[in-house]
Amino acid sequence: MHSLSSRAPRRRSAAIGVAVALAAGTLALGPAALASATPASGHTGGNADAVVLKTGLDVSLLNKTAQLPLNVSLNEVHAPADAAKTLLTAKLDGVDKGKPFSILRADVATAKATSDKTRSEGYANLTHAVVHLPGLPLLGLVEVDAVTSKATCAAGEAPTAGTNFVGDVTVLGKKVSVRAGGTTKVTVDGVGEVSLDLAKTVKTSTTAASTALQLKVHVNPGKLNVADVTGDLTLVKASCETPGDDGAGASGGSSSGGSSTGGSSAGNSSSGGSTSGGSTAGGDTSGGATSGASSDGGAGTEPQSGSDNSNLAETGGSSATPYIAGAAAVLVVAGGGAVFMSRRKKANNA
């Protein structure tokens, strides 16, 4: 009897020792195994942008009392986003008694920008469009039948970009030849002068951009209380940047105590017809078809849409948590067994 009772505690003690060793091994191997299985990730998507119209103009009034900025845009987007408004209006205090005036009207005006880890692309298109300046309600600054600009940047490939015109381009009532490269000047007596670059393309090893029309404007309308309009105007532009490595990848051979930190992401936004400077207001239209102008009673901007998912809170949990919890459970059972055996031994000896 004595030999049987002493043999059983030895077996239980051995089992408890094995359980403790297994728990220690789990604690030691768990986080290390997790760290070695975590892939390095430093690859980021590229960038892409597109815009149908963007202006940076200064408007001087006849009485020289003020010089008003006219900084407006239509369908200006940053990946991932798209917009398809076809009308842009604005108003400036002192110009035509503060009434809204049309800046761009088109049958189709679209801009789209997309980007992921392998490819980014910007695209802008304009069809049957006319651009006006304040003080020139009847004479169009630029008229185009159809034009498209596109820029594509794919990982492992050379960036590409280009502009395609269909039909005529008219500047201040005069037709101009559509050719890439060089600067064309158009002068109209009693109105002013416009210098323009058509189908301007710029490429590097990682970026590309193409602009259908880049204009420098200096006109003297002398109507609707407008003396001079000077500045720049961009029409139908697309650009992109090749996706690449941001150098922030994790190392796979080391780990720190089983803890992890969460990241944050920021959404992208698009602007259908934003305005800034002076007292200006964007116009509202339905995509793809011309509609009447819509404006508010005072200064304003087009609504912007987008998403922002930045600063998302992490729970603080780690993928090593199951290992730690399992090991703790084994240790609790082992400890309970040791206490039980100790008490039983004392009872037998008594």
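This is a predicted model, so every value here is computed, not measured.
To the nearest 0.5 Å, atoms OG1 (T55) and CD1 (I103) are separated by 6.0 Å. The structure places CG of L88 at 13.0 Å from NZ of K54, a figure rounded to the nearest 0.5 Å. Taking NE2 from H128 and CZ from R105, the interatomic distance works out to 15.0 Å, rounded to the nearest 0.5 Å. Here the straight-line distance linking atom CZ of F101 with atom CG of L136 works out to 11.0 Å at 0.5 Å rounding. Atoms CG and OG1, on D107 and T127 in that order, are 7.5 Å from each other to the nearest 0.5 Å. Atoms OG1 and NE2, from T230 and H218 in turn, are 6.0 Å apart once rounded to the nearest 0.5 Å.
Counting only heavy atoms from C-beta outward, the side chains of V166 and V147 never approach each other to under 4.5 Å. Contact check for V108 versus T110: side-chain heavy atoms found under the 4.5 Å cut-off. Contact of the V226 side chain with the S60 side chain is not registered, since no non-hydrogen atoms from C-beta on lie closer than 4.5 Å. For the pair L57/D232, no side-chain contact is recorded, criterion being any heavy-atom separation below 4.5 Å from C-beta on. Considering only heavy atoms from C-beta on, V194 comes within 4.5 Å of L172 through its side chain. Counting heavy atoms from C-beta on, the side chains of V171 and L213 never come closer than 4.5 Å. T242 has its side chain out of reach of S120: every pair of non-hydrogen atoms, C-beta onward, lies at least 4.5 Å apart. For the pair V191/L139, a side-chain contact is recorded, criterion being any heavy-atom separation below 4.5 Å from C-beta on.
With hydrogens and angles ignored, the 3.5 Å screen pairs no side-chain donor or acceptor of S73 with any backbone N or O of E76. Side-chain atoms of K216 never come within 3.5 Å of backbone atoms of L233 as a donor-acceptor pair (strictly under, hydrogens ignored). The closest donor-acceptor contact from the side chain of D145 to the backbone of D168 lies under 3.5 Å. Without hydrogens or angle criteria, N225 side chain to G94 main chain gives a donor-acceptor distance under 3.5 Å. Checked by atom type and distance alone, the side chain of D116 pairs as donor or acceptor with a backbone atom of T118 at under 3.5 Å. D82 places no side-chain N or O within 3.5 Å of a backbone atom of A111 that could act as its donor or acceptor partner. Side-chain atoms of S115 come within 3.5 Å of backbone atoms of G46 as a donor-acceptor pair (strictly under, hydrogens ignored).
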From CA spacing to verdict: side chain to side chain contact (heavy atoms under 4.5 Å, CB included), V144, L126: CA-CA 8 Å; V144 296; L126 194 60; 4.0 Å; yes

Working for side chain to side chain contact (heavy atoms under 4.5 Å, CB included), residues L61 and V95: CA-CA 7 Å; L61 304 183; V95 176; 3.8 Å; yes

Pair V142-T170, side chain to side chain contact (heavy atoms under 4.5 Å, CB included): steps then yes or no: CA-CA 6 Å; V142 178; T170 303; over 6 Å; no

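Contact record, A106 with A109: CB-CB, 4.4 Å, taken as the closest heavy-atom pair. Of all heavy-atom pairs between G162 and S210, the closest is C-OG, 3.2 Å. Closest non-hydrogen pair, P243 versus K117, comes out as CB-O, 3.3 Å. Across every non-hydrogen atom of A48 and H78, the tightest pair is O-ND1, 3.4 Å. Here the shortest heavy-atom pairing between K203 and A161 reads CD-N, 4.1 Å. Between T187 and E193, the shortest heavy-atom contact is OG1-OE1, 3.2 Å.
Checked by atom type, the side-chain pair D197/T183 shows a donor-acceptor distance below 3.5 Å. Checking N47 against E241 by side-chain atom types alone, a donor-acceptor pair falls below 3.5 Å. Side-chain atoms of N125 and T148 include a donor-acceptor pair closer than 3.5 Å.
For residues 152-162, the pairs satisfying side chain to side chain donor-acceptor pair (under 3.5 Å) are E121-T152, with sequence neighbours left out.
Grouping the Ile, Leu, Val, Met, Phe, Trp and Tyr side chains by contacts below 4.5 angstrom, directly or via other members, places V52 apart from Y123. Residues V188 and V176 are members of one and the same hydrophobic cluster, defined by side-chain heavy-atom contacts under 4.5 angstrom among Ile, Leu, Val, Met, Phe, Trp and Tyr. F165 and V130 fall into different hydrophobic clusters, where Ile, Leu, Val, Met, Phe, Trp and Tyr are joined by side-chain heavy atoms under 4.5 Å apart, directly or via other members.
Under the side chain to side chain donor-acceptor pair (under 3.5 Å) test applied with S149, the options T201, N164, T163, T211 reduce to a single match, T163. Checking each of V131, L196, V51, L74 against L235 for a side chain to side chain contact (heavy atoms under 4.5 Å, CB included) leaves exactly one that passes, namely V131.
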